2 protein chains.
Amino acid sequence: MTTEKIAGVSVATQANVYFDGKCVSHGITYPDGTKKSVGVVLPATLTFNTGAPEIMECVAGSCEYRLAGSDAWLKSGPGDKFSIPANSSFDIRVAEAYHYICHFG
Amino acid sequence: MTTEKIAGVSVATQANVYFDGKCVSHGITYPDGTKKSVGVVLPATLTFNTGAPEIMECVAGSCEYRLAGSDAWLKSGPGDKFSIPANSSFDIRVAEAYHYICHFG
C-alpha cells in the first residue's frame, strides 16, 4: 500500500536540488508544523547525510540502500520504509527512479 | 513578489520526470479540484508541448523561453509569468535552475 497523495498541506514552490539534480524534492508542511518532503532520486549512487533522524518511504520505483556501518545493500520498493539515525548517513543506488516521502524526526 | 508556498493542497507523492530528469515536477490539487504543478528545470535547452493552455510562473532562478512561431528568446525571472496557448509548444533554456509553478487552463 503506497501513499499516493498527501492532503491538506502547504508545499514549498522552490525545489531542493541535490547532486546536480540526481535528487530533487519539494518540502511540505502540515497544519501542525510537521515537515516532510516528497522527492525522487534518479539513476545514480549517492551518499546522504542526516541531521535529524529520517524515515524514507518508497512510493514508486525502487532503490538499494546501505546504512552507515553496514556492508549490506538492502532493497526498498513501493510501500517499504527504512530508518536512518540522526547524524548518520546512508548510501543509495537507483537504477531507474526512486520516488519517496522523507519523514523527519 | 514570488509565491513561496501553496497552502491547503493535496500533493502527488510521485514526481513527474521529463527529459531524463532535466525537468522534475510534483502535481498539486486544490480543494476545488484545480490542478497545478510545482517543478524545476535544470540546465538544459528543452522543448515542451502543451495540451491545455499553461501559465508558467517563475518562483526562483530564471530561464529564457521562446514561444512556437516566435524568433525571440525572452527572459523570465522570479515573479514573472508567461502564457502558452493550448496545443502549442515552447523552447526553454536554463543556465542554472528555473523553479516554477505551472497553472493549467
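Owing to the predicted nature of the structure, the values given are computational and were not obtained by experimental measurement.
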Residue by residue, scan residues 11-26 of chain B and write down, ordered by number, those that have a heavy-atom distance under 4.5 Å to chain A; if none do, write 'none'.
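The residues closer than 4.5 Å to chain A, in numerical order, are V11(B), A12(B), T13(B), Q14(B), A15(B), V17(B), D20(B), G21(B), V24(B), H26(B).
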Is there any residue in residues 60-84 of chain B with a non-hydrogen atom under 4.5 Å from a non-hydrogen atom of chain A, and which ones are they?
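Residues in range: A60(B).
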Hydrophobic clusters here meaning ILVMFWY residues chained together by side-chain heavy-atom distances under 4.5 Å, can you tell me if [X] and [Y] are in one?
| X | Y | result |
| --- | --- | --- |
| I28(B) | Y30(A) | yes |
| Y100(B) | I55(B) | no |
| M56(B) | V94(B) | yes |
| V38(A) | V38(B) | yes |

Donor-acceptor contact below 3.5 Å, side chain T50(A) vs main chain P85(A):
yes
Is chain B contacted by the side chain of I101(A), its backbone, both, or neither, given a heavy-atom distance below 4.5 Å?
side chain
Gap separating the NZ atom of K36(B) from the CD1 atom of I6(B), nearest 0.5 angstrom:
6.5 Å
About how many Å separate CG of D91(B) and OG1 of T47(B), when rounded to the nearest 0.5 Å?
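T47(B) OG1 to D91(B) CG: 4.0 Å, rounded to 0.5 Å.
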Hey, does Y98(A) have a side-chain heavy atom less than 4.5 Å from the side chain of C58(A)?
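Yes - at least one pair of side-chain heavy atoms lies under 4.5 Å apart.
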Looking only at L42(A), V40(A), T3(A), V9(A), most heavy-atom pairs under 4.5 Å shared with chain B are made by V9(A)
Check C102(A) against E54(A) and note the closest heavy-atom contact, atom names and distance.
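Of all heavy-atom pairs spanning C102(A) and E54(A), the closest is SG-OE1, 3.6 Å.
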When you check the side-chain N and O atoms of H103(A) and E57(A), is any donor under 3.5 Å from an acceptor?
yes
